[in-house]
Amino acid sequence: MNDYLVFLFNSTFSDKSYGYRPNKGPRKAINRVNDFIKRGKKYILKTDINDFFETIDHNLLICMLKEKIQDSRIIDLIMMYLEIGSVSNLTYQEHTLGVYQGNIISPVLSNIYLDKMDKFLERHQFSFVRFADDFVILSESKNRIKLIHRNLSRFLKIYSLSLNKEKTYITSADYGFSFLGIYFTTRFRTIDKDKVEKIENKMLGYANLRFDEYIDKMNLYYNAIKNYYLKISPNNKLIKSAVVNSATNAITKAKKDGTVKQKSVFKQKLYDMLFFNLFLKKNEAVNLCISKAYNKLDSVKSKIDKKKKEVEKKLYISSVIHVDKPGTAVGISKNRITIKRKRKTINSFPIHKTKRIIIEGNRFSLSGFLISRCAKQKIFIDFIDSKHNPYASISFYNASVSQMIHKQALTLNTSQHLNLAKSFIYGKLKNQRNYLKYLNKYHKAINEEIRKLQNLIAKVKPADNVDSLLGLEGASSSIYWTALSKISGIDFKRVTRGAKDEINSSLNYSYAILYGKVQEALIRAGLCLHISFLHAINGNKPTLVFDLIEEFRTFVVDRTIFSMVNKKEKISLNSNGFLATESRKNIAKNIHERLGSYVRYRKQSRKLENVIYQQALNLKNAILNDKKYKPFIGRY
């Protein structure tokens, strides 16, 4: 069917259509754009069709097909392909609009549908290059570009199509623009920055493989991009730098693993890597990678590791997006998360570098496309109300499996249930005691409170029910906060809701941030949030989060906030009695730095956010295999 349609329609298509056609392709499309620019057509309308494949009108498409196809049986067959529905949740859903992407005949159908637009542009004598629904229109005149922008928008309405507003803009080749992964100007063309970033990330990802597999994957990738990106920009410095970084990481890993031990072996294998053909002096490039890798493993390793940890901490902070201004719109554009106010983009972040979005308050808007992409990328969106309480979270499907839910439910009211509850309380009390001992090291002012906490810890093991454990928790909290008030010199009483003082507000706000991170860890581990072992089960609340967060409150939040107080970092409230904007930003920064820092965990140096996730996995393992669960005890 596909060959038949191509045979019938291809010869009638515009020569400026390059997508999914014989003897065409992206490289020829790029050359055509470059040729137009050289002819002085420097004004550009860069755009694509909004949700093109999903909005193709079946009736209009059939009419276009009938212009060439007389056999009604073929038309009926294509109609059947277009209208076949799908089953979702045991319900059949009809397909009345759009064309399924990925099917063998979808590309030629899309070209048939857009050929009307191509002919419209040719009638108005516009130069353009189209690849599927992504295209550029070029002209010597800026006014003509503006005119075709208006007229094209009106024309497309006839075919139930519209331009993608977020991706549509008018520019000049003097300033540069991107098309099909290539960046054009009147002076040169090179690989687009976003595409280079993707290439680099792919290469860095391969560096985690075994060394022989790494070489094979890199060679396959070289062959995949050599006739397009590497032909267009063969001496791209960023690509060469990415090759060096990737090879250096791969050598470092192989050396650490012991899978490759000798420099001569590394050199021999790297000579077989095709990417090194890009370098004028191949031998020097190979030696550079080996040298850089071995430098990572020499006597200055500890200094490098320290710097790396600092960088990773900063990267962790930058991977969390905070939205705290009323009237903010969060969306997606060109694989970047955009922050807009009054329709103006004030900031944007690469989606592949984002781990979490925190929304504060309730006066905001999220695009459906953002939510969809975040679900695919497994980016959590957490919501905190104006009183600094977490009230919602958007995650993704298949977070917990039925087997896990069933096992958690079977654990309730068993000895394992009580053991898990004891572990959470034991972890919380031990962390509180250890933090007080750390603070008391030089002051010796809270010996009595530490002794009382130690007595409570001794009562955890013999406790025979959850209620008695909660009683121990309540008693420990009273002792703990009294001790903190005494040693900090601040008249302080813990208030969880409706706090109107700086310290309680700071603690509540920080707990809300930590709450989202703990919830994310539990979801990623595949646990059911609504089956808990210490806190009473509540169908409206993810009570397992309340369980696991207990062992991290002191180590992550309390230590951070009271450190800020001791350093006299400014924490202020606004006229409504809530944390001021600058205070929230500073607190969030400090909490994220803490989550991105390295701590000792089971005789290893681990990033704290990874420790939280590992504890969620340990909890899952304890439930599935009826094993002992060891809570996290921090070293202060």
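Residues: numbered from 1 along the sequence shown.
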Side chains of Lys195 and Ile239 in contact at under 4.5 Å (non-hydrogen atoms):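 No, too far: nothing below the 4.5 Å cut-off.
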
Side-chain heavy atoms of Leu61 within contact of Asn59, under 4.5 Å: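 No - every pair of side-chain heavy atoms lies 4.5 Å or more apart.
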
Measuring from [X]:[atom1] to [Y]:[atom2], what's the distance to the nearest 0.5 Å?
{"X": "Asn574", "Y": "Glu582", "atom1": "CG", "atom2": "CD", "answer": "12.5 Å"}
{"X": "Arg189", "Y": "Ile37", "atom1": "CZ", "atom2": "CD1", "answer": "9.0 Å"}
{"X": "Tyr20", "Y": "Ile105", "atom1": "OH", "atom2": "CD1", "answer": "14.5 Å"}

So does [X] pair up with [Y], basic N to acidic O under 4.0 Å?
{"X": "Asp194", "Y": "Lys198", "answer": "no"}
{"X": "Glu197", "Y": "Lys202", "answer": "no"}
{"X": "Lys16", "Y": "Asp118", "answer": "no"}
{"X": "Lys517", "Y": "Glu609", "answer": "yes"}
{"X": "Asp134", "Y": "Lys46", "answer": "yes"}
{"X": "Asp15", "Y": "Arg32", "answer": "yes"}

Geometric cation-pi criterion, Arg130 with Tyr18: 6.0 Å, 45°: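 Verdict for Tyr18: no cation-pi partner in Arg130.
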
Test: Lys240 cationic atom under 6.0 Å from Phe279 six-membered ring centre, within 45° of axis: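 Output yes; distance and angle both within limits.
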
Verdict with supporting geometry, Leu163 and His149, side chain to side chain contact (heavy atoms under 4.5 Å, CB included): CA-CA 9 Å; Leu163 298 179; His149 181 204; 3.7 Å; yes

Under 3.5 Å donor-acceptor, [X] side chain and [Y] backbone:
{"X": "Ser17", "Y": "Phe13", "result": "no"}
{"X": "Asp51", "Y": "Thr55", "result": "no"}
{"X": "Thr328", "Y": "Asp324", "result": "no"}
{"X": "Lys28", "Y": "Asn23", "result": "yes"}
{"X": "Ser367", "Y": "Gly331", "result": "no"}
{"X": "Ser583", "Y": "Leu579", "result": "no"}
{"X": "Asn590", "Y": "Ile587", "result": "no"}
{"X": "Asp35", "Y": "Asn31", "result": "no"}
{"X": "Thr252", "Y": "Thr248", "result": "yes"}
{"X": "Asp115", "Y": "Asn111", "result": "no"}

Verdict with reasoning, Asn245 to Lys292, per side chain to side chain contact (heavy atoms under 4.5 Å, CB included): CA-CA 9 Å; Asn245 290 337; Lys292 289 184 71 173; 3.7 Å; yes

Proximity of Phe135 and Phe128 rings by center, below 6.0 Å: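 Ring centroids of Phe135 and Phe128 are no less than 6.0 Å from each other.
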
Ring centres under 6.0 angstrom apart (Tyr206, Tyr214):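 Tyr206 vs Tyr214: aromatic centres not under 6.0 Å.
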
To check you understand the geometry: which heavy-atom pair defines the closest contact between [X] and [Y], and what is its length?
{"X": "Leu180", "Y": "Ala29", "result": "CD1-CB, 3.9 Å"}
{"X": "Ala207", "Y": "Asn249", "result": "CB-CB, 3.8 Å"}
{"X": "Asp382", "Y": "Gly516", "result": "OD2-CA, 3.5 Å"}
{"X": "Arg594", "Y": "Leu608", "result": "O-CD2, 3.4 Å"}
{"X": "Ile145", "Y": "Leu138", "result": "CD1-C, 4.1 Å"}
{"X": "Phe276", "Y": "Leu270", "result": "CD1-O, 3.4 Å"}

State whether a side-chain donor-acceptor pair under 3.5 Å links [X] with [Y].
{"X": "Arg336", "Y": "Asn347", "result": "no"}
{"X": "Glu520", "Y": "Tyr613", "result": "no"}
{"X": "Arg21", "Y": "Asn10", "result": "yes"}
{"X": "His124", "Y": "Asn151", "result": "no"}
{"X": "Tyr515", "Y": "Ser393", "result": "no"}
{"X": "Ser233", "Y": "Thr190", "result": "yes"}
{"X": "Ser139", "Y": "Arg144", "result": "no"}
{"X": "Tyr271", "Y": "Asn283", "result": "yes"}

Verdict with reasoning, Phe364 to Phe383, per ring pair (Phe, Tyr, Trp, His ring centres under 6.0 Å): CA-CA 11 Å; Phe364 60 86; Phe383 301 86; 5.6 Å; yes

Residue among Lys41, Arg39, Lys42 satisfying salt bridge (Lys or Arg N to Asp or Glu O under 4.0 Å) with Glu140: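 Looking at Lys41, Arg39, Lys42, the match for Glu140 under the salt bridge (Lys or Arg N to Asp or Glu O under 4.0 Å) is Lys41.
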
Over 12 foreign heavy atoms within 6.0 Å of NZ, Lys282: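 Yes, NZ of Lys282 has more than 12 neighbouring heavy atoms, counting only those of other groups under 6.0 Å.
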
Verdict with supporting geometry, Ile357 and Ile379, side chain to side chain contact (heavy atoms under 4.5 Å, CB included): CA-CA 7 Å; Ile357 302 172; Ile379 298 169; 4.3 Å; yes

Audit row: Phe188, Phe184, ring pair (Phe, Tyr, Trp, His ring centres under 6.0 Å) steps and yes/no: CA-CA 6 Å; Phe188 65 88; Phe184 294 85; 9.9 Å; no

Result of checking Ile225, Ile215, Asn219 against Phe275 for side chain to side chain contact (heavy atoms under 4.5 Å, CB included):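 Exactly one candidate clears the test, Ile225.
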
Chi angles and distances behind the side chain to side chain contact (heavy atoms under 4.5 Å, CB included) call for Met218, Glu213: CA-CA 9 Å; Met218 287 290 281; Glu213 188 180 355; over 6 Å; no

